[in-house]
Amino acid sequence: MLCTEDQIKENIAGILEKMTAAAVRGGRTAGDVRLMAVTKTKPVETIQALARLGMTCFGENYPDEIAEKASAFAALGLQPAMIGHLQSRKAKIVVDHCSALHSLDRFDVAEKLERLCAERDRVLPCFLECNVGDEESKSGWHFADDTLPADFLQDFEKITALPHLRVTGLMTLPPFAEVGETNRVYFARMRRIAAYLNDHMGGQINELSMGTSSDYEVAVEEGATIIRIGTALVGAREYKKN
Ligand SMILES: *Cc1c(COP(=O)(O)O)cnc(C)c1O
């Protein structure tokens, strides 16, 4: 399903209104939270419509799709953030075409990115993906509760020592929930993980990338600084069937 530009305009206004109210409920302001447009599977025309409506923050999930859309983003003076699972062999696409990586999920990819960034003399802002729902099917460092696992802390030290990666945030995609409220516990856990890293590990985490169409209001109440919205903004996705 493709939304018209008028529908998208209405969607943006509705999301920003709810986002602002949630920020205020959480003791913050609208300026503390950014709306990211997730445009995976959507055509370039949708990206151009979003840009005309003032959107500057975009997220894409698939490296090959990012490579295909890169010139369209560049023509708008933009680069998307990568928010999907990244295989090492696709790391070059992220380094060449993305503004940031929200889904850094293991050390060996960080090493590969460091090498590629060093060659190009660029610094890549990175978010560590936290699997706060401890789900087998998802990537990222696993958290069973509020304790920080040793493997995560070791990887955090190793990754923050890489000169061409800058760990500015944490990202999560919690279990799908019909009712956003169900995920409050996970969003609150993210805030505590960030606080621990900043207080005890020399971290400089000032971004929490969390909240999608189904739960962004709760995520913002719990401290999200970037919400990643696809469906509520540009309509449901259609995946090609083979
Ligand atoms: C697809 C996707 C989103 C957007 O989800 P919606 O439910 O369509 O808002 C956000 N984050 C990630 C990591 C995604 O893969």
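All residue numbers refer to positions in the sequence shown, counting from 1. All heavy atoms count here, side chains included; hydrogens, waters and symmetry mates do not.
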May I ask you to say whether [X] pairs ionically with [Y], meaning some side-chain N is under 4.0 Å from a carboxylate O?
{"X": "Arg115", "Y": "Glu119", "result": "no"}
{"X": "Asp96", "Y": "Arg120", "result": "yes"}
{"X": "Lys112", "Y": "Asp108", "result": "no"}
{"X": "Glu129", "Y": "Arg106", "result": "no"}
{"X": "Asp64", "Y": "Lys90", "result": "yes"}
{"X": "Glu222", "Y": "Arg184", "result": "yes"}

For [X] and [Y], work out which heavy atoms get closest and say how close.
{"X": "Ser103", "Y": "Gly84", "answer": "OG-O, 2.6 Å"}
{"X": "Phe107", "Y": "Leu162", "answer": "CE1-CD1, 4.3 Å"}
{"X": "Leu104", "Y": "Cys126", "answer": "CD2-CB, 4.0 Å"}

For residues [X] and [Y], determine if any side-chain heavy atom of one lies less than 4.5 Å from a side-chain heavy atom of the other.
{"X": "Trp141", "Y": "Pro149", "answer": "no"}
{"X": "Thr182", "Y": "Phe176", "answer": "no"}
{"X": "Thr41", "Y": "Glu238", "answer": "no"}

Short side-chain donor-acceptor distance under 3.5 Å, [Y] and [X]:
{"X": "Asp145", "Y": "Thr147", "result": "yes"}
{"X": "Thr225", "Y": "Arg34", "result": "no"}
{"X": "Gln204", "Y": "Thr168", "result": "no"}

Report task. Evaluate salt bridge (charged side-chain N to carboxylate O under 4.0 Å, His left out) for Asp155 paired with Lys158, printing each intermediate quantity in order. Result -> CA-CA 5 Å; Asp155 285 340; Lys158 281 158 51 184; 3.8 Å; yes
Query raised in the report: Which of these passes side-chain contact (heavy atoms from CB on, under 4.5 Å) with Lys42: Leu50, Leu2, Ile47?
Result: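 Answer to the side-chain contact (heavy atoms from CB on, under 4.5 Å) test with Lys42 among Leu50, Leu2, Ile47: Leu2.
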Query raised in the report: With a 6.0 Å cut-off on ring centres, are Phe143 and Tyr186 close enough?
Result: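 Ring-ring flag for Phe143/Tyr186: false, centres at least 6.0 Å apart.
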Requested in this report: Output yes when a side-chain donor or acceptor of Thr160 lies under 3.5 Å from a complementary backbone atom of Phe156, and no otherwise.
Outcome: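 Yes.
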Query raised in the report: Given a cutoff of under 4.5 Å between side-chain heavy atoms of I, L, V, M, F, W and Y, with clusters grown through shared members, what are the other residues clustered with Ile83?
Result: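 Members alongside Ile83: Met36, Val38, Phe127, Met171, Ile226.
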